[in-house]
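Note that these values count all heavy atoms, side chains included, but never hydrogens, waters or copies made by symmetry. Bear in mind that the values here come from a model prediction, so they are computed numbers and not experimental data.
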Amino acid sequence: MPELPEVEVTRRGVTPHLQAQTVTEVVLRRSGLRWPFPPNLADLLQGQIILSIGRRGKYLLLHFAHGTLLIHLGMSGHLRILPSLTPANKHDHVDIVVGAQLLRMHDPRRFGAVLWHAAIDGDVDTHPLLRGLGVEPLEGQFNAQLLYRQSRQRHAAIKQVLLAGDIVVGVGNIYASESLFKARINPKIAADRISLARYSLLVEAIQDTLAAAIEKGGSTLRDFVGVDGQTGYFQQSYFVYDRSGEPCRICGTTIRQIKQGQRSSFYCVNCQK
Ligand SMILES: [Zn+2]
């Protein structure tokens with residue numbers, strides 16, 4: 001599943017090809033993915049200029065003067081920049097053509113989304129899918145004080161509080177497991193039992209982990225262009241994630257796997273208290 005780093009790397013990869021370009025055609029090969037496409041999408045976008053490409057959580061935002069196109073990659077989606085006459089393959093559901101190139105959305109499992117938010121309806125942050133999101137993890141509002149303050153009434157395990165996304169977005173399963181390891185915090189500890197000092201370590205760990213993944217993905221940026229490219233699922237070496245039964249890279253203790261909610265957590269009982 002694309003996580004925040006993959007979406008951010010996608011944003012950086014497509015931006016030079018889309019920014020300040022005029023949409024010349026919109027091709028929809030089905031009526032929707034997770035939700036129906038806006039029925040008048042071609043009319044909305046044709047002839048309009050893409051002003052900038054932003055991101056909020058895992059939503060890519062194509063900003064136009066009259067509104068914003070929200071794109072979510074779902075479970076299996078990816079975006080590619082291709083020459084505009086490139087034939088579509090199976091699971092290529094959406095093309096946004098900008099002259100000689102196009103942005104193509106490929107999504108085999110069809111949990112992705114393409115939605116429109118008109119400027120007259122207010123800032124895109126007020127969209128129902130965005131307004132409940134927590135702060136961005138790589139921006140200044142995300143700090144230990146915020147995490148500490150907002151977790152005082154939260155007795156759930158810290159891992160699940162991170163995944164809930166209402167305090168901070170984009171800390172998915174991989175990055176939560178890895179960050180808790182680096183901060184030496186047991187994923188089962190109740191969020192309201194963690195001190196401000198330990199939250200400082202956790203914030204630093206989350207930011208380092210996400211930034212490292214984005215940097216790693218940066219080396220794949222050119223792959224967003226061209227038919228042979230493989231887009232951004234970064235194979236990384238993890239401390240604990242998906243290492244059940246293997247020795248901790250710090251102390252050699254066997255890494256444990258547990259279920260929290262519906263998700264697997266991986267941790268070292270010796271390093272994480
Ligand atoms: Zn260990």
**Student:** For residues L33 and L45: do they belong to one hydrophobic cluster (side chain heavy atoms under 4.5 Å, members Ile, Leu, Val, Met, Phe, Trp, Tyr)?
**Tutor:**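 Linked within one cluster.
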**Student:** Going from CZ on F64 to OG1 on T22, what distance comes out if it is rounded to the nearest 0.5 angstrom?
**Tutor:**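 Here the interatomic distance stands at 9.5 Å.
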**Student:** Give a yes or no on whether a salt bridge exists between R55 and E136, defined as a side-chain N under 4.0 angstrom from a carboxylate O.
**Tutor:**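 So R55 pairs with E136 through a salt bridge.
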**Student:** Minimum heavy-atom separation for V203 to N143, with atom names?
**Tutor:**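 So the two residues come closest at CG2-C, 3.7 Å.
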**Student:** Specify the closest pair of heavy atoms between K188 and Q260, including all atoms of both residues, with the distance to one decimal.
**Tutor:**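 Residues K188 and Q260, closest heavy atoms: CA-NE2, 3.7 Å.
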**Student:** Go through it in stages, so that I can follow the logic: the residues are H72 and W35, the test is ring pair (Phe, Tyr, Trp, His ring centres under 6.0 Å), and I'd like the CA-CA distance, side-chain angles, deciding distance and then a yes or no.
**Tutor:** CA-CA 11 Å; H72 194 284; W35 297 295; 8.3 Å; no
**Student:** Quick one: pull up CG in L130 and NE2 in H117 and give me the separation to the nearest 0.5 Å.
**Tutor:**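 Rounded to the nearest 0.5 Å, the CG-NE2 separation comes to 8.5 Å.
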**Student:** Is a side-chain donor or acceptor of D107 paired with a backbone partner of G112 at a separation under 3.5 angstrom?
**Tutor:**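 Such a contact is found between D107 side chain and G112 backbone.
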**Student:** Any idea which heavy atoms bring S76 and R109 closest together, and the distance?
**Tutor:**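 Nearest pair, atom of S76 first, then R109: OG-N, 3.0 Å.
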**Student:** Which value, rounded to the nearest 0.5 Å, describes the distance between Q262 atom CD and L163 atom CG?
**Tutor:**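 One finds 12.0 Å between CD of Q262 and CG of L163.
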**Student:** Decide whether I214 and I174 are clustered together by the hydrophobic rule: side chain heavy atoms of Ile, Leu, Val, Met, Phe, Trp, Tyr closer than 4.5 Å, transitively.
**Tutor:**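 Both belong to a single hydrophobic cluster.
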**Student:** Between Y175 and P5, is any pair of side-chain heavy atoms under 4.5 Å apart?
**Tutor:**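 When only atoms from C-beta onward are counted, P5 and Y175 do touch, with a gap below 4.5 Å.
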**Student:** Transitively linked via ILVMFWY side-chain contacts under 4.5 Å: Y59 with V94?
**Tutor:**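 Result: no, two separate clusters.
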**Student:** Think R152 forms a cation-pi with Y148, using NZ or CZ under 6.0 Å from the six-ring centre and within 45 degrees of its axis?
**Tutor:**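 Ring-cation test returns yes.
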**Student:** So I53 and L61, do their side chains get closer than 4.5 Å, heavy atoms only?
**Tutor:**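 The answer is no; the side chains never approach within 4.5 Å.
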**Student:** Name the orientation class of the two ring planes belonging to H91 and H106 (parallel below 30°, tilted from 30 to 60°, perpendicular beyond 60°).
**Tutor:**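 Answer is perpendicular, since the angle exceeds 60°.
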**Student:** Nearest 0.5 Å, please: how far is CG in L202 from OG in S195?
**Tutor:**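 One gets 10.5 Å once the value is rounded to the nearest 0.5 Å.
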**Student:** Any side-chain heavy atom of L69 sitting closer than 4.5 Å to one from I96?
**Tutor:**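 They are in side-chain contact.
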**Student:** Grab the two heavy atoms, one from T253 and one from C251, that are nearest each other, plus how far apart they are.
**Tutor:**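 Minimum heavy-atom separation between T253 and C251: OG1-SG, 3.1 Å.
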**Student:** Do T254 and P247 have side chains that approach each other closer than 4.5 Å (heavy atoms only, starting at C-beta)?
**Tutor:**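 Of all side-chain heavy-atom pairs linking P247 with T254, none is under 4.5 Å.
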**Student:** Is there a donor-acceptor contact under 3.5 Å from the side chain of Q272 to the main chain of C268?
**Tutor:**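 Indeed, once roles are kept as given, a pair shorter than 3.5 Å links the two residues.
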**Student:** Can a donor-acceptor pair be found between the side chains of S151 and D192 at a distance below 3.5 Å?
**Tutor:**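 No donor-acceptor contact under 3.5 Å links the two side chains.
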**Student:** Check whether any side-chain N or O of K58 sits under 3.5 Å from a backbone N or O of P2 as a donor-acceptor pair, and report yes or no.
**Tutor:**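 Checked: pair present.
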**Student:** List the steps, then state whether side-chain contact (heavy atoms from CB on, under 4.5 Å) holds for V97 with V23.
**Tutor:** CA-CA 6 Å; V97 188; V23 176; over 6 Å; no
**Student:** Inspect the contact between K182 and E178 and indicate whether a charged nitrogen and a carboxylate oxygen are less than 4.0 angstrom apart.
**Tutor:**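 Salt bridge flag = no for K182 with E178.
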**Student:** For S264 and Q257, work out which heavy atoms get closest and say how close.
**Tutor:**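 Residues S264 and Q257, closest heavy atoms: OG-NE2, 3.0 Å.
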**Student:** Among all residues two or more places apart in sequence or in another chain, which pass the salt bridge (Lys or Arg N to Asp or Glu O under 4.0 Å) test with D125?
**Tutor:**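 Partners of D125 by the salt bridge (Lys or Arg N to Asp or Glu O under 4.0 Å) criterion, ordered by chain and then number, come out as R56.
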**Student:** Measure across L115 and P36 and return the closest heavy-atom pair with its distance rounded to 0.1 Å.
**Tutor:**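 Where L115 meets P36 most closely, the heavy atoms are CD2-O, 4.5 Å.
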**Student:** Any donor-acceptor pair under 3.5 Å linking the side chain of T15 with the backbone of R11?
**Tutor:**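 Indeed, once roles are kept as given, a pair shorter than 3.5 Å links the two residues.
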**Student:** Roughly how far, to the nearest 0.5 Å, is the CZ atom of R249 from the OG atom of S237?
**Tutor:**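 So the OG of S237 and the CZ of R249 are separated by 5.5 Å.
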**Student:** Rounded at 0.5 Å granularity, tell me how far CZ in R80 sits from CG in L102.
**Tutor:**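 Taking CZ in R80 and CG in L102, the distance rounds to 11.0 Å.
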**Student:** Cluster question for you: counting only ILVMFWY and a side-chain heavy-atom cut-off of under 4.5 Å, with indirect links fine, are L79 and L18 together?
**Tutor:**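 Result: yes, single cluster for both.
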**Student:** Are V124 and V14 linked, directly or through other ILVMFWY residues, by side chains that come within less than 4.5 angstrom of each other?
**Tutor:**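 Different clusters: V124 never reaches V14 through Ile, Leu, Val, Met, Phe, Trp or Tyr contacts under 4.5 Å.
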**Student:** Looking at side-chain heavy atoms only, is the closest gap between I185 and Y267 below 4.5 Å?
**Tutor:**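 They are not in side-chain contact.
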**Student:** Distance alone, cut at 3.5 Å: any donor-acceptor contact between the side chains of H63 and S52?
**Tutor:**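 Side-chain D/A pair, H63 to S52: absent.
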**Student:** By side-chain contact (heavy atoms from CB on, under 4.5 Å), which residues pair with A88, not counting sequence neighbours?
**Tutor:**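 Partners of A88 by the side-chain contact (heavy atoms from CB on, under 4.5 Å) criterion, ordered by chain and then number, come out as R29, D92, R104.
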**Student:** Does the ring center of H66 lie less than 6.0 Å from the ring center of W116?
**Tutor:**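 Judged by ring-centre distance (under 6.0 Å), H66 and W116 do meet the cut-off.
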**Student:** Looking only at side chains, do K159 and N186 share a donor and an acceptor under 3.5 Å apart?
**Tutor:**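 Not at all, the side chains of K159 and N186 share no donor-acceptor pair under 3.5 Å.
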**Student:** Give a yes or no on whether the backbone of E6 and the side-chain of T10 come within a donor-acceptor separation of less than 3.5 Å.
**Tutor:**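 A pair under 3.5 Å: yes.
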**Student:** Using modelled atom types only, decide if a donor and an acceptor are shared between the side chain of R243 and the backbone of F239 within a distance under 3.5 Å.
**Tutor:**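 Side chain of R243 to backbone of F239, a donor-acceptor pair under 3.5 Å: yes, one is there.
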